[in-house]
2 protein chains.
Amino acid sequence: METAQLSRKDQIDQTATALFRTRGFAATSMRELAAALGMEAGSIYSHIRSKEELLHRICFRLADEFFAGFDAASADAALPAARRLRRAVESHVWVLTNDVAASAVFLHEWRHLSEPARTEFLALRERYEAGFRELIAEGAAAGELFTLDPAFAALTLLASLNWLPTWYRPGGSLTTSDIAHRLANQLLFGLEVRL
Amino acid sequence: METAQLSRKDQIDQTATALFRTRGFAATSMRELAAALGMEAGSIYSHIRSKEELLHRICFRLADEFFAGFDAASADAALPAARRLRRAVESHVWVLTNDVAASAVFLHEWRHLSEPARTEFLALRERYEAGFRELIAEGAAAGELFTLDPAFAALTLLASLNWLPTWYRPGGSLTTSDIAHRLANQLLFGLEVRL
DNA sequence: TTTCTTTGCTAACGAACGTTAGGATTAGTA
DNA sequence: TACTAATCCTAACGTTCGTTAGCAAAGAAA
């Protein structure tokens, strides 16, 4: 009972995610979504309450995943900050590549959330970025990293990572692990102090 | 006559740019745009042919500016590739900060162009990215830059730059020139060979 | 067998959409 | 003065939008 419902709901979520990603939330109609699922528009409402609920679920699920990954990566306070930062970068890449479509929606379509969800979302995002900022600041204070401005560095770093969904295609020649390492290297070799 | 028409047209372009940026192209209605201009929706069509024409003009004007800046920055073949790359990065930042709203539209709303404009736009964009790729490859071949993969490096570099419109606000504490230098430093010190 | 849940349909609602037609006003030009 | 171009209006067009109501089939649970 519960499983069957969730299964169909998940199909809807997944198809909606793909459409929101390629056409954008506002430009995707419920009739388009229904057609992609092989059903009629009205039928979708047996499973969801509103179109925005779909967007809400996508955005906040991804936010959860980013936080869970970051927390796991940065939990071990015994590690040097630079090492924790590298792990956090790799976790971010992992979440991104694990579901590129949802990530793209998370990054670009959140603005179509209405209040208060929008404000709540932005607060989460700010908190997440603050995590990176603090790791960088900590690493800079410990002499492991070099940057004039941790906030600036964090923005630039996340920017590079967040561009990934626009070019990454699953099944390419690079594994997600390759990508994570390369990105971390390219970004951190600009930050890490070399003897 | 011509000036007056262009002036009003420019007002429309500018207001449309701001709305497309904050609400997205698809979610911005002509009635909203008209209200922001203090006029009625139908009146706009004395100045433009269609809503998409507005988007088209924004996207392709920015593309022109990016190309003009890049060409000027990389024209002097006597300069080392790394130096030309730095100038290209600074030019990119200059175009971005010179009109953040239009840049954000250029970066995020082009997908709402219909064919053949969309394909044409993507070709321009690809050509622009290729310019950076080639500068990086050239610098790598000359031993001025270090990267395992010029394409990868170019993507990451442009990603950092293109995130700028999401956080930059004109009139902040940093001048655009400061920003350009800092970004170029942060990105190139990860690429430039240090003795 | 009866009951309930899941899933889907058709038909329609009111609202909003981009766009157009046709006319009015205004300011500058000849 | 007459003419032209620019600017904007009202009213409406056909379409599409998100969503709802009411009903039906189908399978699982009792």
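Naming convention: chains lettered A, B, ... in sequence-line order (proteins, then strands); numbering from 1 in each chain.
Between B:Tyr45 atom OH and D:dA6 atom P there is a gap of 20 Å when expressed in whole angstrom units. The distance between atom CD1 of B:Ile48 and atom P of D:dA6, rounded to the nearest whole Å, is 16 Å. Note: CG (A:Asp10) to P (C:dT6) measures 15 Å, nearest angstrom. Remark: P of C:dC17 and CZ of A:Arg31 are 16 Å apart, rounded to the nearest angstrom. Atom-to-atom, NE2 of A:His56 to C1' of D:dG18 comes out at 18 Å; the value is rounded to the nearest Å.
By the 30° and 60° cut-offs, the orientation of the rings of B:Phe106 relative to B:Phe66 is tilted.
When only modelled atom types and interatomic distance are considered, A:Ser160 and B:Thr156 share no side-chain donor-acceptor pair under 3.5 Å. A:Thr119 and A:Glu115 share a side-chain donor-acceptor pair at under 3.5 Å.
Both A:Ala27 and A:Gly42 lie near DNA chain D, and the one whose nearest nucleotide falls closer to the 5' end is A:Ala27. Comparing B:Arg49 and A:Met39, the nucleotide of DNA chain C nearest to each residue sits closer to the 5' end for A:Met39.
Nearest nucleotide to the A:Met30 side chain, out of D:dC9, C:dT19, D:dG18: D:dG18. Comparing atom distances between the B:Glu40 side chain and each of C:dC9, D:dT10, D:dC8 picks out D:dT10 as nearest.
Put simply, A:Ser29 has no side-chain N or O that comes within less than 4.0 Å of OP1 or OP2 on D:dT16. Using a 4.0 Å cut-off, some side-chain N or O of A:Arg8 falls inside it from OP1 or OP2 of C:dG8.
Residues that satisfy the side chain to side chain contact (heavy atoms under 4.5 Å, CB included) test with B:Arg182, not counting sequence neighbours, are A:Asp149, A:Phe152, B:Leu174.
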